[in-house]
Amino acid sequence: MSILHILSQYTIKSLGELYPGSFSAGDFQINQTKPEFEGDYTLVLFSLVKKLKIAPEALCDALGRKLVQQHPEIFSSYNIIKGFLNLSISDSYWVNILSNSVDPDFGKSAPTGRRVMVEYSSPNTNKPLHLGHLRNNFLGWSVAEILKFNGNEVFKSCIVNDRGVHICKSMLAWEKWGNKETPKSTGIKGDHLVGDYYVKFENALKREAEELKQKEGNGNFVHYDAPTADKVQVLSNALANLNPTDTKYTDKKEKIEGELKELRRGATPLMKEVKQMLVDWEAGKPEVIALWKQMNNWVYEGFDVTYKKIGTDFDKVYYESNTYLLGKDIVEEGLKKNVFFKKDDGSVWIDLQKEGLDEKLVLRKDGTSVYITQDIGLAEQKYREFNTDQSIYVIADEQNYHMTVLKLICQKLGLAFAHDIFHLSYGMVELPSGRMKSREGTVVDADDMIEEMVKTAQKHTTELGKVNDFTEEELSQLYETLGIGAIKFYLLRVDPKKRMVFNPEESIDFHGFTGPFIQYTHARIKSILRKAQPGGTVNYSAALLPLEKELLVSIEHYPEVLQQAAKELNPSVLANYLFSLAKTFNSFYSEHQVANAETEEKKQLRLRLAVSTGNILSSGLKMLGIRAPERM
RNA sequence: GGUCCGGUAGCUCAGCUGGAUAGAGCAUCAGCCUUCUAAGCUGAGGGUCAUUGGUUCGAAUCCAAUCCGGAUCACCA
């Protein structure tokens, strides 16, 4: 049990003995005492002052006295400043926690039997992974590991978006301009090769759309079918009638121009070909299917290399080409139960206006399903296959609306798992110059990023020359450990919910609040432990020095941090803690000798501090997907 | 326009279930390697916690309004 729990329980008990009525943890607050005051933990009791009609000082004094009196093994003394009750925890309590914390599994919870699925990564197969995908992968993987450590049975899953217009774009471009080149013939990684054709397609599409714009300037609109031509007409008129003095003029103009642009793109010969290709794919046309399989396989080979490097793994992989028809039968049932309704044209909708949302389409008028329909189906299938208590979706916050709707629909359908759907929504990664846009070529490629970080690790390591005796194999291992550790930590140290700015210069820094800083601390500890190992027993009688105690307090806090990280599904809580622990250790290390301590007693204590800190750093980093090197 | 999210040091971020004088890292400046790894340590400067009002013993934290930024509101995925 943690000191916070103990404190809380004893406080409740003592209050009950001192005053009439019953008390709960909500009646007071426990904070770590500010360094400028004496004490370890501070009880904030102001909310009880009114309830008990007693002066803060008197309350603090009565409670402080009682706590120290009844539990001298825990509380050594107390003091009162401005109505805050500062409690000092006895050194023996702190020293005693070492018997638990030297265990490599310190902080691990017993199995709870709770089953959780974490869906993450979920890439499209038309282009290589970029920085945003890395945040998703690291987050999902880490959350899964944190949940495991907290006693949950976890299943990592992934839905591969392996079909659709975007893939057809790459396919068509390769067919047209590819000259049958392959990853092998070009030496280009498969996912990058396919991505290159996606870019080629987009560029060609842009040119065709530009040509259409020229034609439209000359009054030629024959490339549109009748209904689209009408729409274009309406929009063009609206554009012409905009009042330039309107405060929202530029907004409105951009919006209309955007819509016109989309219509124009849709009317290009290339888009028409792509749409035909998609129809052919759905019809199972052999040569289209063959091409699709071939190009997807190239992508998978590329992804495998990247996934292996960054340590991404799954217990279950779903493919959209297998699941895109799911959900239709659920919609049919829902229609019978009047959860959905059918419009005159045959399309099926759900009305979410009571929930403050809009009407949402679930089946097109031609009876085909849309994204959300598949998602309902897949959610149902996952539940059936894994019998989960919770299903977490790691998806960027641009899909907040979609995920709200998904959950709501499942609830309205009365599906058993509906309530257990949780959208772990994370913010997008931006560059100092703004948002990454694949169409404008401002995306940071994941493979490039990793390579650069590994090279930076190599550069630093070589300059410092501390591991010159390593073999080539050991060295390249170390470079990856450090480079990938740096980027993982960089992306995980920020609250997932918040969007974050990726600063290329800052990210390659290996000093300060970084992965390598923590890895370095771990290596230092291992270096000490190669010289001496704890032995005998800790029979500590001298007073703890400030930095010894600070370390112990931090070590004691670890299980609590893990619980919080699991509860909030937030690895940044862990990342911040590990940094703080490492920092404390480094201060301690620079002040005090461990292996050559002043006395044997101190040596034994400090060796255990080193062992415990090393364990926590290594186990914590592991849950962030970061390896802790023995030497660096 | 509706809905949702955010605004804390020059930059990137903690702190947000209300508590004492708001913290880190980077950057800047000044120190520390004959002692277990200096990818480290110690110190200094740097703040109208977007603005205004409210709630109360107490507000960066809660509420309201305003300003600024972002996301989203497809028979796309």
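Protein chains get the first letters and strands the later ones, always in sequence-line order, with residue 1 at the start of each. Side-chain atoms are counted along with the backbone in the values below, which use heavy atoms only and exclude waters and symmetry mates.
B:C73 shows a glycosidic angle more than 90° from 0 and is accordingly assigned anti.
Among the protein residues, A:Glu398 comes within range of the sugar-phosphate backbone only, with heavy atoms under 4.0 Å from sugar or phosphate atoms but none that close to a base. A:Asn400 comes within 4.0 angstrom of no nucleic acid atom, judged by non-hydrogen atoms across all strands. Using a 4.0 Å heavy-atom criterion, one finds that A:Tyr589 contacts the bases of the nucleic acid, with or without backbone contacts as well. Within the 4.0 angstrom heavy-atom criterion, only backbone atoms of the sugar-phosphate kind lie near A:Ser587; the bases stay farther away. Within the 4.0 angstrom heavy-atom criterion, base atoms lie near A:His592. Note on A:Asn126: nothing from the nucleic acid sits closer than 4.0 angstrom, heavy atoms only. Across all strands shown, A:Arg435 has heavy atoms under 4.0 Å from sugar-phosphate atoms exclusively, and none from any base. Across all strands, A:Asp397 comes closer than 4.0 Å only to sugar-phosphate atoms, never to a base (heavy-atom distances). Within the 4.0 angstrom heavy-atom criterion, base atoms lie near A:Leu482. A:Thr521 comes within 4.0 angstrom of nothing in the nucleic acid, heavy atoms only. Heavy atoms of A:Glu630 sit under 4.0 angstrom from at least one base atom. Here A:His511 lies in heavy-atom contact (under 4.0 Å) with sugar-phosphate atoms only. As judged by a 4.0 angstrom heavy-atom cut-off over every strand, A:Phe517 is placed among residues touching the sugar-phosphate backbone only.
For B:A59 and B:C26, the P atoms lie 33 Å apart once the distance is rounded to whole Å. Comparing B:A9 with B:A60, their C1' atoms are spaced 14 Å from each other, to the whole Å. Distance noted for atom C1' between B:G18 and B:U55: 11 Å (whole Å). Between the C1' atoms of B:A50 and B:U8, the separation comes to 10 Å (whole Å). Comparing the P positions of B:G25 and B:U21 gives a spacing of 23 Å, expressed to the nearest Å. Across the C1' atoms, B:C76 and B:C62 are found 40 Å apart, a figure rounded to whole Å. Here, B:A27 and B:C13 have their C1' atoms 15 Å apart, quoted to the whole Å. Nucleotides B:U34 and B:A20 place their C1' atoms 46 Å apart, quoted to the nearest Å.
Base pairing analysis places B:C62 opposite B:G54; the two distances defining the Watson-Crick or G-U wobble pair are each below 3.5 Å. When both pairing distances are held under 3.5 Å, B:U12 makes a Watson-Crick or G-U pair with B:A24. Shown here, B:C49 forms no base pair; nothing in the strands shown gives a Watson-Crick or G-U wobble contact with both key distances under 3.5 Å. Taking a pair to require two hydrogen-bonding distances under 3.5 Å in either a Watson-Crick or a G-U wobble arrangement, B:G6 pairs with B:C68.
The two atoms that bring A:Tyr198 and A:Ser170 nearest to each other are CB-OG, 3.3 Å, heavy atoms only.
Between the CD atom in A:Gln374 and the CG atom in A:Asn161 there is a gap of 8.5 Å [rounded to 0.5 Å]. In this structure, CD on A:Glu560 lies 8.5 Å from CD on A:Gln564, to the nearest 0.5 angstrom.
For the pair A:Arg135 and A:Tyr426, the cation does not sit on the ring face, since its NZ or CZ is not both under 6.0 Å from the ring centre and inside 45° of the axis. Taking the ring centre of A:Phe513 as origin, the terminal cationic atom of A:Arg493 falls inside the region bounded by 6.0 Å and 45° from the ring axis. For the pair A:Lys169 and A:Phe201, the cation does not sit on the ring face, since its NZ or CZ is not both under 6.0 Å from the ring centre and inside 45° of the axis.
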Give the B/S/- string for nucleotides 13-19 of chain B, one per nucleotide from 5' to 3', where a protein heavy atom under 4.0 Å of the base yields B, of only the sugar-phosphate yields S, and otherwise -.
SS-B--B
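Between the side chains of A:Asn86 and A:Thr42, at least one donor-acceptor pair of N or O atoms lies under 3.5 Å.
We find that CG of A:Leu263 is positioned 13 Å from P of B:C75, with the value rounded to whole Å. Spacing between atom CD of A:Glu320 and atom P of B:A77 amounts to 8 Å, rounded to whole angstrom units. When the P atom of B:G40 is taken as reference, atom CZ of A:Phe510 falls 12 Å away, rounded to whole Å. Atoms OH (A:Tyr401) and C1' (B:A71) sit 14 Å apart, rounded to a whole Å. The separation between A:Tyr490 atom OH and B:G25 atom P is 16 Å, rounded to whole Å. Atom pair A:Met403:CE and B:C73:P shows a separation of 15 Å (rounding to whole Å applied). Rounded to a whole Å, the CG atom of A:Leu547 is 18 Å from the P atom of B:G40. Distance, A:Lys51 NZ to B:U56 C1': 19 Å, rounded to whole Å.
Note: A:Tyr490 and A:Phe502 have perpendicular aromatic rings, judged against thresholds of 30 and 60 degrees for the angle between ring planes. Ring geometry, A:Phe46 versus A:Phe84: the interplanar angle exceeds 60°, so the pair is classed perpendicular (tilted spans 30 to 60°).
Among the nucleotides B:A20, B:A77, B:C41, the one closest to any side-chain atom of A:Thr33 is B:A20. The side chain of A:Arg163 approaches B:A77 more closely than any other nucleotide in the set B:A77, B:C75, B:A20. For A:Arg364, whose side chain is taken as the heavy atoms from C-beta onward, the closest listed nucleotide among B:A77, B:A38, B:C26 is B:A77. Out of B:C41, B:A20, B:U35, the shortest distance to the side chain of A:Ser590 is found at B:C41. Nearest nucleotide to the A:Lys583 side chain, out of B:C36, B:C41, B:A20: B:C41.
Nearest-nucleotide mapping onto RNA chain B: of A:Thr42 and A:Val165, the residue sitting toward the 5' end is A:Thr42. Between A:Ala457 and A:Glu36, it is A:Glu36 whose nearest contact on RNA chain B lies nearer the 5' terminus.
Between A:Lys82 and B:U21 there is a side-chain N or O to OP1 or OP2 distance below 4.0 Å.
Centroid-to-centroid, the aromatic rings of A:Tyr319 and A:Trp292 stay 6.0 Å apart or farther. Taking the centre of each ring, A:Tyr520 and A:Phe517 stay at or above the 6.0 Å mark.
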